[in-house]
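Step one of this worksheet: look at the structure below.
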Amino acid sequence: MAQGKPRVRFAPSPTGYLHIGGVRTALFNWLWARKTGGTFVLRIEDTDQERSTPENEAIILRELRWLGLGWDEGPEVGGEHGPYRQMERLPIYQEFVEKLIAAGAAYRCYCTKEELDAQREALKARDPKAQFRYPGTCRDRTGPAPDRPFVIRFRAPSSGSVTYRDLVFGEVVTPNNTQQDAVLVRADGVPLYNLGAVVDDITMGITLVARGRDHMINTPPQILLYQALGAPVPQFAHLPMMLAPDGQKLSKRHGAVSVGEYRERGIPAVGLLNYLVRFGWSFGDEEIFPMQDLVQKFSWENCSKADGKFDAKKLAAIAFEHLKSSALTPDDAYLDNTLPFLEKRGLSGFDREAVRAVLPLIRERAQTYADAADALDYFFRDLPVYDEKAVKKFLVADKAPHLRAVRDLFASIDDFSAKNLEARFGELLAEKKLEIKDVAQPVRVAISGRTATPGLFDVLALIDKPRVLARLDHALSLIAASSGAG
RNA sequence: GGUCCCAUCGUCUAGCGGUUAGGACACCGGCCUCUCACGUCGGUAACGCGGGUUCAAUUCCCGCUGGGAUCGCCA
């Protein structure tokens, strides 16, 4: 096989958002490049001018960077094999097409799309099950070339077969008699997928093509093209497909499928990647991997061949594992990622170290950075946002004496540590012959506005004395107002 | 229909001839407990079917069934 370091690529079409299935393909390629010291190339396949947009390309680049899947060659970073957008490579395809024609491996076809469509429909009308194949009208045309637009077709062999050894699927044999003279270049001179991909992979020195199994059907015709061009055939690795829970193609109607949606929900990039890498790949019983471990452990041999179904709950659980662990997600990273979500809630200008101090309390409760911001919310307001139901249930008249007693107790305490607060609180309960159950919830609602928070004393200690007292006062006034009104 | 591919709990998977078929998520119970979580203990749950090969098949081979991909001047 090819000498030197592997060169792999991710070649998305900028025809929409970045799909998580595409991310998995990018990830596997990226991991292989990192593991082997190879090169990860990003190529934009924008030959579908109807649907490709610069905006979509920008989104793809931005999301890949957010994921941490940086590329060694490609748009914005350059490289020796550019340009990296197919529409900027038209002269290169032209050159290769001329080679093919000169070698008799391709020919000009003057049949129009309309003619072919009509033939296709006529056949379908006669026999709905029949498959239409290009009849070869222009294959051996002689005489002067008509003055009409033409496409370039591949002269596909009708005998023999193509065999390749897939790194995931093993040996795959496909007879050539099922191939047809596929169009290589449109009438407008823009190449189609198979030609563009092959020429680019040749000229960019790609040694291993790893892509989704939906492309497996393209591999034999592509190999035929490599052979016709006299170019070395790269290795191939096809990845099983990630389907929707209902077994259909994973699309928008099944929920979130674009990376952006996960980013906006506060799913950590490493969590998403960890979920995706475990989809179709395994390393014994291990489930949670730091990225640096993945780079080391990844291999094609441990890829599975069976398609799978996407499971949002599993993704959430794996992301949560990363958020819970300060080894996996250090405080600083956690903070950097949570701050935007706090700002989205209208919170800003707070002390980063103050947020850091609360982190241990919320890590085990927040499945996403958005959850974290929610759990952090009442720590950084003068008064919490009071949940209506919680107020109605716990800030009621018969709890007022308890709250007042707690307020007076707290006012007298100087050591506002969680430990001391708990001890003194216990004394108060004993004195009043109360159960903590009777008092904890009203106090919790008074200081946080909600019924579910981390341990009461930890929360109190972090909110600090003046604000705790202010909130208890506010809660008492709410009770007074409601009982007065009622 | 042609071609290609696949097949272990509901889901992601371990297994690479001999295992009480393991783990994780989800689900159901118990414990912990000031709420919510975390944690922890336990439970339900799988080798699609039929033939071979073998002393022995989840594992190897064939067929069937089922599922998926693709059959475009989309990628």
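Computed from a predicted structure; not experimentally measured. Each chain gets a letter, A, B and so on, in the order its sequence line appears, and its residues count up from 1.
Among the atoms of the strands shown, only primed sugar atoms or phosphate atoms (P, OP1, OP2) are found under 4.0 Å from some heavy atom of Gln248(A). Within 4.0 Å of Lys113(A), counting heavy atoms only, lies at least one base atom of the nucleic acid. Contact annotation for Pro12(A): no contact, since no heavy-atom pair falls under 4.0 Å across all strands. Among the protein residues, Val439(A) comes within range of no part of the nucleic acid, since none of its heavy atoms lies under 4.0 Å from any strand. Residue-level contact check: Val185(A) touches neither bases nor backbone, having no heavy atom under 4.0 Å from any strand. Among the heavy atoms of the strands, none lies under 4.0 Å from Arg450(A). Residue Thr178(A) is classed as a sugar-phosphate contact, given heavy-atom separations below 4.0 Å to backbone atoms only. Using a 4.0 Å heavy-atom distance criterion, Ser282(A) is classed as a sugar-phosphate-only contact. Residue contacts shown for Gly212(A) are absent, as no nucleic acid heavy atom lies under 4.0 Å away.
Salt bridge Arg404(A)/Asp408(A): absent, no basic N to carboxylate O contact under 4.0 Å. Between Asp331(A) and Arg363(A) a salt bridge is recorded (basic side-chain N to carboxylate O distance below 4.0 Å).
Within the structure, the side chain to side chain donor-acceptor pair (under 3.5 Å) test picks out the following pairs touching residues 265-276 of chain A (sequence neighbours left out): Asn274(A)-His322(A).
Nucleotides C4(B) and C9(B) are separated by 29 Å at their C1' atoms, to the nearest Å. Taking atom C1' in both U70(B) and U11(B), one finds a spacing of 27 Å when rounded to whole Å. To the nearest whole angstrom, the two P atoms, one in G63(B) and one in C5(B), are 12 Å apart. For the P atom pair drawn from A7(B) and C12(B), the interatomic distance equals 12 Å after rounding to whole Å. Separating the P atom of G18(B) from that of A57(B) is a span of 11 Å, rounded to the nearest Å.
Base pairing annotation: G50(B) forms a Watson-Crick or G-U wobble pair with C62(B), both donor-acceptor distances under 3.5 Å. Of all nucleotides present, none satisfies the Watson-Crick or G-U wobble test against A57(B) with each distance under 3.5 Å. Judged by Watson-Crick or G-U wobble contacts below 3.5 Å, the nucleotide G39(B) has C31(B) as its partner. Here A14(B) sits opposite no nucleotide as a Watson-Crick or G-U wobble pair (both hydrogen-bonding atom distances under 3.5 Å). Nucleotide U3(B) is matched to A69(B) when pairs are restricted to Watson-Crick or G-U wobble geometry with both distances under 3.5 angstrom.
Annotation: cation-pi pair Arg24(A)/Phe28(A) present, NZ/CZ under 6.0 Å from the ring centroid and within 45° of its normal. Because its NZ or CZ atom is not both nearer than 6.0 Å to the ring centre of Tyr378(A) and within 45° of the ring axis, Arg450(A) does not count as a cation-pi partner of that residue. Geometric assessment of Lys324(A) against the ring of Phe320(A) yields a positive cation-pi assignment under the 6.0 Å and 45° thresholds.
Take Tyr193(A) and apply the side chain to side chain donor-acceptor pair (under 3.5 Å) test, not counting sequence neighbours, and it matches Arg211(A), His215(A). Legend: residues meeting side chain to side chain contact (heavy atoms under 4.5 Å, CB included) with Gln119(A), ordered by chain and number and at least two apart, are Leu116(A), Phe132(A), Pro135(A). Not counting sequence neighbours, Gln296(A) has no partner by the side chain to side chain contact (heavy atoms under 4.5 Å, CB included) test. Annotation: side chain to side chain donor-acceptor pair (under 3.5 Å) contacts of Gln441(A) (sequence neighbours excluded): Arg444(A). Legend: residues meeting side chain to side chain contact (heavy atoms under 4.5 Å, CB included) with Ala461(A), ordered by chain and number and at least two apart, are Ala418(A), Leu421(A). With sequence neighbours excluded, the residues forming a ring-ring contact (aromatic ring centres under 6.0 Å, His included) with Tyr386(A) are His474(A), listed by chain and number. Every residue two or more places apart in sequence or in another chain that forms a side chain to side chain donor-acceptor pair (under 3.5 Å) with Ser417(A) is listed here: Asp415(A).
Rounding to the nearest 0.5 Å gives a distance of 8.0 Å between CG of Leu42(A) and CD1 of Ile60(A).
Toward the 5′ end of RNA chain B lies the nearest nucleotide of Gly308(A), the other residue of the pair Glu114(A) and Gly308(A) mapping further downstream. Heavy-atom nearest nucleotides on RNA chain B were determined for Phe169(A) and for Thr451(A), and the one closer to the 5' end corresponds to Phe169(A).
Interface residues of residues 418-438 of chain A facing RNA chain B, ordered by number: Ile436(A); criterion, heavy-atom separation under 4.0 Å. Within residues 358-374 of chain A, the residues approached by RNA chain B to less than 4.0 Å at the level of any non-hydrogen atom are Glu364(A), Arg365(A), in residue-number order. Less than 4.0 Å separates RNA chain B from at least one heavy atom of each of the following residues of residues 216-225 of chain A: Met216(A), Ile217(A), Asn218(A).
Close approach of RNA chain B to chain A, defined as any atom under 4.0 Å from a non-hydrogen atom of the protein, starts and stops at G1(B) to A75(B).
Using cut-offs of 30° and 60° for the angle between ring planes, the Phe10(A) and Phe40(A) rings count as parallel.
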